[in-house]
2 protein chains.
Amino acid sequence: MAQESGDTGPIRVGRAEAARWSGALDLLRLVRARPGVTRAEAARVLGVGSGTATEICSRLRALDLIAEHPAPPSGRGRPTTTLHAHPDGPLVAVVDIRQAEWRVAVADLEGALSESATGRHGSKRPEQVLAAVGRALAAVSARHGSRIRAVAVSAAATVRNGRFVQSSVLGWRDVEVAPLLPGVPQVLGNDATLAGLAEARLAHPGKSVLYLTIEVGIGGVFVDGDRAVTGATGAGGEFGHTPFGEPGLPCPCGATGCWDVAVDGRAVARHRGEPEPDDPRAYLIDALVDPGSRAAVAECATSLGRGAAGLANVLDPEVIAFGGLAPEVRRAAPDAFAAAFEAGLMGFRRDDPPALIASGLGPDAFLLGAAEAAFDEVLTEHGLTTWIEARGA
Amino acid sequence: MAQESGDTGPIRVGRAEAARWSGALDLLRLVRARPGVTRAEAARVLGVGSGTATEICSRLRALDLIAEHPAPPSGRGRPTTTLHAHPDGPLVAVVDIRQAEWRVAVADLEGALSESATGRHGSKRPEQVLAAVGRALAAVSARHGSRIRAVAVSAAATVRNGRFVQSSVLGWRDVEVAPLLPGVPQVLGNDATLAGLAEARLAHPGKSVLYLTIEVGIGGVFVDGDRAVTGATGAGGEFGHTPFGEPGLPCPCGATGCWDVAVDGRAVARHRGEPEPDDPRAYLIDALVDPGSRAAVAECATSLGRGAAGLANVLDPEVIAFGGLAPEVRRAAPDAFAAAFEAGLMGFRRDDPPALIASGLGPDAFLLGAAEAAFDEVLTEHGLTTWIEARGA
DNA sequence: ATCAATAAACTCGCATGACGAGCATAATTT
DNA sequence: AAATTATGCTCGTCATGCGAGTTTATTGAT
């Protein structure tokens, strides 16, 4: 994100400053990815000796960043300890804004969510929604004080250069989110992007994961080695707006032939000769169990399979994970899906195709993904430095 | 690329080992990206003090990794020095295997290519081609000795897990390339991937670049911040095999509706009602200047624009760079291209669309990209450690 | 019970790269 | 010739990681 430090003046991160905490950061990230990991195993994974592990752990314990508990002895030898989030350690606040409601929660280093507040918003006015979220966050901040080190907001909206530029389900256009907690880093994320990030990091760490989710339209993200590929402005992953659909068919996004309108409730209605439903998601849920919609749903499953295969050809993922209603669409017409997927893959990929799985994270996926994005801000040299300064003061 | 170090035993890179050379590596990468950069500017860019710069530079000079020349004084103050590749510094050998010929060259840290050998291969037998290339590399190795630190091979073939798994233009299937220079790291790359890597790093450093090139079919790569996104097995970037083409039309890859056969000489011939040409590339070159093919070429330009827009929606590049014959296709029907591109973009992207440019690297792009990939292997802690060991011995 | 075996934590001297303040140097400007 | 300015160089300091050796806590055998 930081570019052209030459012009913008002396930011002066400093090499030693950056390298200083690299071992400690690696340990913290490991504790985050695998809570309760033993210190001995951590040393093996990180490739450090026991002396270094001792040193890093005691440093982090003194800073209230990790806690160590004696591990239940398992076999001969001196028993090791398990590493956990410190009970007074850093936290992040996470927000998920959905069509009719919002949620605010707090996550600790281990990824555990403690629910804090939810609200409904009949109004579509972004200022009102954000004001309500802001009040909930103020309460969180009052409760946890300076332990809150970052805020991440997930919304069903397109994110570009740190703004929500549009959202059909929320009815938002170009919404700037002022700092919700002053002085704390804040990141905004598309809901499908963050859900995919959570799925990739939590269920398939280190792998290349293509995440596809159907709600209204289809979206997702490609996560390559735990890093979301979101392009220049952060608006990548708009898979619904590739011309995989019916050529010429207009899409509300402004383009034509979009995949978005070929896989969801709007597509089912169109195939059945019905008018466009007000709530395509609810319509699709009904259609999935309606025998009269079977052929129309199979068309969607075919489109899902063909598009997933095309994206697999482009992105070469190791895993394709389906979220939202996509697993249901696939399950409703498994043969149609499988045939289209197989036919769409390049020949040489068919011997060893990507694994197709249904995401198992459930409705917390957005908050979990937001926690990932938020801790990405915290677990940096800068984040650690400010944590230490806040402790000292 | 390194995974699961836990099981595979004690590779033990070591944290200090890795951090040790990080400053030196950053300087070497800077000298590579900007040959002739002054030491004073390098210190500013890297964010180190003059003392540290002195230390790093003298260390690298002593190791024959960089050379310093007095810079022409420009204004007041003590004149600085410019940083260059050392005349006895590390080199990489690069290979480009095309339809009817191969080239072998040598690149230094600054990216300068010195041509070494070329050959033609009427035969399509990969063993024969690789044997000829191997002989040329042996000659290179004899001339430069242990200065050659890596080999990179570009070929018009799909790369997967370090093998060439298929190539229609070369007629190859599942070719394993044995080490061409024993004891030296070797990387294989798809030609379009490497050309895009070169275009991105040399012309648009740090940006997100979508590179699209038409030869036979269409391919390319997405380079996000100087890193090629090639997926789990390295076979990403097969943009030609997304279903952007005519639905149902079979493609030699095994899938149907591929973009590949909608933008090249085969597409022009089909639109004209002619049989599939033996050499689609030559056919397209002719068609580009043939008035009778104007409408057919415009169809290809439309398909190119629509597909490029779809990929822009997915990948969110800052720049779309066209290579091969793609700039000519665009130029032959600029209005058709522009209309399709604009129509295919999501509405919110139209205000600030990605820049569309023609690659200017010419036929050396493949070798330059191979040099990038090869130096990525050299400019690592491990690469530097082996360089130092080779010096000492 | 006692003692060997085992695995892991702890101690401590060492190497190293980066830092930064102060000094030296080589150009331009006055 | 002197002042100014930008840069390179020297050197004492520091934090991190290393690694060999030591200690500690558990299991299992005698």
Side-chain angles (χ1 to χ4, degrees), chain A residues 6 10-28 30 37-63 65-83 381 384-385 388, chain B residues 10-28 37-63 65-83 381 384-385 388:
Chain A
I11 299 182
R12 296 284 288 107
V13 198
R15 317 215 59 69
E17 189 85 6
R20 183 140 305 165
W21 292 96
S22 87
L25 282 169
D26 286 346
L27 187 82
L28 286 171
L30 183 66
V37 67
T38 67
R39 192 209 280 199
E41 198 191 345
R44 273 193 298 271
V45 170
L46 298 181
V48 300
S50 68
T52 303
T54 298
E55 208 235 40
I56 293 178
C57 286
S58 45
R59 213 168 356 132
L60 293 180
R61 244 181 304 138
L63 290 167
L65 283 163
I66 60 167
E68 288 189 83
H69 304 310
S74 67
R76 281 189 170 181
R78 179 170 176 170
T80 182
T81 59
T82 56
L83 307 180
E381 326 78 57
L384 245 55
T385 307
I388 293 162
Chain B
I11 301 182
R12 296 285 288 108
V13 198
R15 317 215 59 70
E17 189 85 6
R20 182 141 305 165
W21 292 97
S22 85
L25 282 169
D26 286 347
L27 186 82
L28 286 171
V37 67
T38 67
R39 193 208 279 200
E41 197 192 345
R44 274 193 297 273
V45 170
L46 299 181
V48 300
S50 69
T52 303
T54 299
E55 207 235 40
I56 293 177
C57 287
S58 47
R59 213 171 353 136
L60 293 179
R61 245 183 303 138
L63 290 167
L65 284 164
I66 61 167
E68 287 189 83
H69 305 309
S74 66
R76 279 189 173 180
R78 178 171 177 171
T80 182
T81 60
T82 55
L83 307 180
E381 325 80 55
L384 246 57
T385 306
I388 294 162

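Here is the naming used below: chain letters follow the sequence lines, and residue numbers restart at 1 for every chain.
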Find the distance between CD1 (A:Ile56) and CH2 (A:Trp21) and round it off to the nearest 0.5 Å. 10.0 Å

Output the rounded distance in Å from CG (B:Asp26) to C1' (C:dG17). 13 Å

Please report the interatomic distance CD(B:Glu68) to CG(B:Leu60), rounded to the nearest 0.5 Å. 9.0 Å

Rounding to an integer number of Å, can you tell me how far B:Trp21 CH2 sits from D:dG17 C1'? 16 Å

In whole angstroms, the gap separating P of C:dT16 from CD of B:Glu381 amounts to 17 Å

Nucleotide D:dA6, atom P - distance to CD of B:Glu41 in whole Å: 15 Å

I need the B:Ile66 CD1 to B:Leu83 CG distance, nearest 0.5 Å. 5.0 Å

Please give me the minimum heavy-atom distance between A:Thr82 and A:Ala71, naming the atom from each residue. CG2-CB, 3.7 Å

B:Leu384 versus B:Leu28: any side-chain heavy-atom pair under 4.5 Å? yes

What one-letter contact string describes nucleotides 10-15 of chain D from 5' to 3', where B marks a base within less than 4.0 Å of any protein heavy atom, S marks contact via sugar-phosphate atoms alone, and - marks no contact? B----S

Do any of residues 68-79 of chain B sit with a heavy atom less than 4.0 Å from DNA chain D, and if so which? B:Arg76, B:Gly77, B:Arg78

First locate atom OG1 of B:Thr52, then atom CG of B:Leu46, and finally report the distance between them rounded to the nearest 0.5 Å. 10.5 Å

Return the CG to CZ distance between A:Leu63 and A:Arg61, rounded to the nearest 0.5 Å. 11.0 Å

From CD1 of B:Ile388 over to P of C:dA15, roughly how many Å is that when rounded to an integer? 18 Å

Just checking, is any N or O donor in the side chain of B:Arg39 or B:Thr54 under 3.5 Å from an acceptor N or O on the other one? yes

For C:dA7 and A:Arg39 - does any side-chain N or O of the residue sit under 4.0 Å from the phosphate oxygens OP1/OP2? no

